[in-house]
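Just below is one structure, and these are the notes that go with it.
Naming convention: chains lettered A, B, ... in sequence-line order (proteins, then strands); numbering from 1 in each chain. None of these values were measured; they are calculated from a predicted model.
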Amino acid sequence: MKDEWRILSYRKAISAIKKYKKPITSYEEAKKIPGIGLRTAEKIAEIIDTGNLKRIDSFSEGDDIIKKFGNVYGVGPSIAMKWYAKGHRTFEDVLKDEKLTRNQISGILYYDDLQKRIPRDEVTKISEWVTRAALSIDPKLECITGGSYRRGNPDCGDVDIMITRNDSDGTTHLGVLSRLVEILRDQGFLTHELVQHNGESLSAKFMGICKLPEGVHRRLDIFMVPYNEMGAALLSYTGNDIFNRSMRLMARKKKMCLNQHGLFMNVSRGRDGIKYSEGKIIAQKTEKEICDALGVPWR
DNA sequence: GCCC
DNA sequence: CAGTACG
DNA sequence: GGGCCGTTACTG
């Protein structure tokens with residue numbers, strides 16, 4: 001199904017409504033909000049008038065099952081629909097009949113835990129745990145929790161931690177992630193590794209599942225960041241995704257290119273593996289520097 | 001779906 | 001390569 | 001009509 005862009009549109013509308021803060025009391029008011037068009041404004045009006053949206057009542061049990069399948073880590077819209085089309089209705093069906101990837105098995109095994117929101121103070125505790133382990137490797141490491149936590153949310157879907165190190169003394173954080181993962185694993189804190197870190201890169205990352213001694217299983221991402229890229233990393237890993245996409249679209253319109261490493265001149269590069277040559281970087285060290293270069297107000 |  | 005995941 | 005983030009990064 002090609003609902004991809006309609007879904008994105010709805011997500012933008014939801015984001016716009018949240019940002020709008022005050023209650024929407026009329027069709028006209030809704031229609032004025034950027035990101036809310038004719039069709040969504042009509043639906044909002046229906047909710048204002050009747051307190052309900054009729055289309056939602058017509059969602060079938062099958063829709064719910066496909067949605068549940070798609071919420072499994074490692075399962076997206078394509079596989080969720082495939083499973084349903086093959087007659088699967090429960091995780092038991094899937095476990096019995098499907099060849100699953102290791103991540104999908106973890107996703108089903110810890111489905112209930114991973115669906116739960118993480119209270120903000122537990123995110124703090126998880127961050128402190130990881131930070132303590134990191135500093136035991138090198139006290140000059142800097143750990144910053146990003147994601148919805150850095151956006152100030154009262155609860156989060158996962159924990160995103162960026163780790164960097166001021167390299168002006170000639171030392172970097174190269175190789176730290178492997179050691180950190182090993183420590184956290186030995187502590188029994190890490191229970192599953194979903195994505196392995198990419199070698200010994202300064203941009204290595206970890207994606208997995210962790211658990212505090214008295215807690216349930218939680219998704220944890222650790223992103224290693226080269227010191228001079230920290231601004232770009234902070235922007236990217238704080239998000240949210242709709243914000244990132246709009247920023248990157250804005251960059252592209254100005255013939256620039258924004259990613260988690262920095263803001264670049266949008267010049268074509270050969271596919272010979274060479275990444276970003278020196279002359280093409282515009283900004284990356286601080287968030288303000290990048291926003292200034294894009295002409296976006298910072299704070 | 002929305003926006004140009 | 002398609003599919004999925006990260007913000 | 002046609003684009004909608006990243007030449008993002010990883011899995012199988």
* **Asp113(A) CG to Leu109(A) CG distance, which is reported to the nearest 0.5 Å** => 9.5 Å
* Ring-on-base stacking dC6(C) with Tyr237(A) (under 5.5 Å, under 30°) -> no
Need one value for [X]: base, sugar-phosphate or nothing, where a base atom within 4.0 Å counts as base even if backbone is also close, heavy atoms only.
X: Asn103(A); result: nothing
X: Leu258(A); result: sugar-phosphate
X: Asp221(A); result: sugar-phosphate
X: Arg102(A); result: sugar-phosphate
X: Met247(A); result: nothing
X: Leu38(A); result: sugar-phosphate

Short side-chain N/O contact from [X] to OP1 or OP2 of [N], under 4.0 Å:
X: Arg6(A); N: dG1(B); value: yes
X: Arg55(A); N: dG1(B); value: yes
X: Ser148(A); N: dG7(C); value: no
X: Arg219(A); N: dC6(C); value: yes

Looking at the side chain of [X], which of [options] is the nearest nucleotide?
X: His261(A); options: dC5(D), dC10(D), dT8(D); answer: dT8(D)
X: Arg245(A); options: dG1(B), dC5(D), dT4(C); answer: dC5(D)
X: Tyr10(A); options: dT4(C), dA5(C), dG1(B); answer: dG1(B)
X: Ile79(A); options: dT4(C), dC6(C), dC4(D); answer: dT4(C)
X: Tyr73(A); options: dT7(D), dG1(B), dC6(C); answer: dC6(C)
X: Asn259(A); options: dG1(B), dT7(D), dC10(D); answer: dT7(D)
X: Arg39(A); options: dC6(C), dG1(B), dA9(D); answer: dG1(B)

* Along DNA chain D (nearest heavy atom to each residue), the more 5'-positioned of Gln260(A) and Leu194(A) -> Gln260(A)
* Structure fact -> Nearest-nucleotide check on DNA chain D, Trp5(A) vs Thr101(A); residue mapping nearer the 5' end is Trp5(A)
* **Counter-base of dT7(D), judged by Watson-Crick or G-U geometry with both distances under 3.5 Å** => none
Rounded to the Å, how far apart are [X] [atom1] and [N] [atom2]?
X: Asp160(A); N: dC6(C); atom1: CG; atom2: P; result: 9 Å
X: Lys253(A); N: dC3(B); atom1: NZ; atom2: P; result: 12 Å
X: Leu8(A); N: dC5(D); atom1: CG; atom2: P; result: 6 Å
X: Leu202(A); N: dT8(D); atom1: CG; atom2: C1'; result: 17 Å
X: Gln104(A); N: dA5(C); atom1: CD; atom2: P; result: 9 Å
X: Asn240(A); N: dC5(D); atom1: CG; atom2: C1'; result: 13 Å
X: Lys205(A); N: dA5(C); atom1: NZ; atom2: P; result: 12 Å
X: Lys280(A); N: dT7(D); atom1: NZ; atom2: C1'; result: 13 Å

* Report the residue from Met224(A), Met230(A), Glu229(A) that forms a side-chain contact (heavy atoms from CB on, under 4.5 Å) with Pro226(A). => Glu229(A)
* State which residue, out of Phe69(A), Tyr84(A), Trp83(A), fulfils the side-chain contact (heavy atoms from CB on, under 4.5 Å) condition with Arg89(A). => Tyr84(A)
* Measure centre to centre between the rings of Tyr110(A) and His192(A), then say whether the value is under 6.0 Å. => yes
* Is the distance between the ring centroids of Tyr111(A) and Phe91(A) less than 6.0 Å? -> yes
* May I ask you to decide if the ring planes of Phe223(A) and Tyr237(A) are parallel, tilted or perpendicular, using 30° and 60° as cut-offs? => parallel
* Under 6.0 Å from the six-membered ring centre of Tyr20(A) and within 45° of its axis: does the NZ or CZ of Lys22(A) meet both? -> yes
* Euclidean distance for P, dG3(C) against dT7(D) (whole angstrom) -> 22 Å
* Same-atom distance (C1') from dC5(D) to dT4(C), integer angstrom -> 16 Å
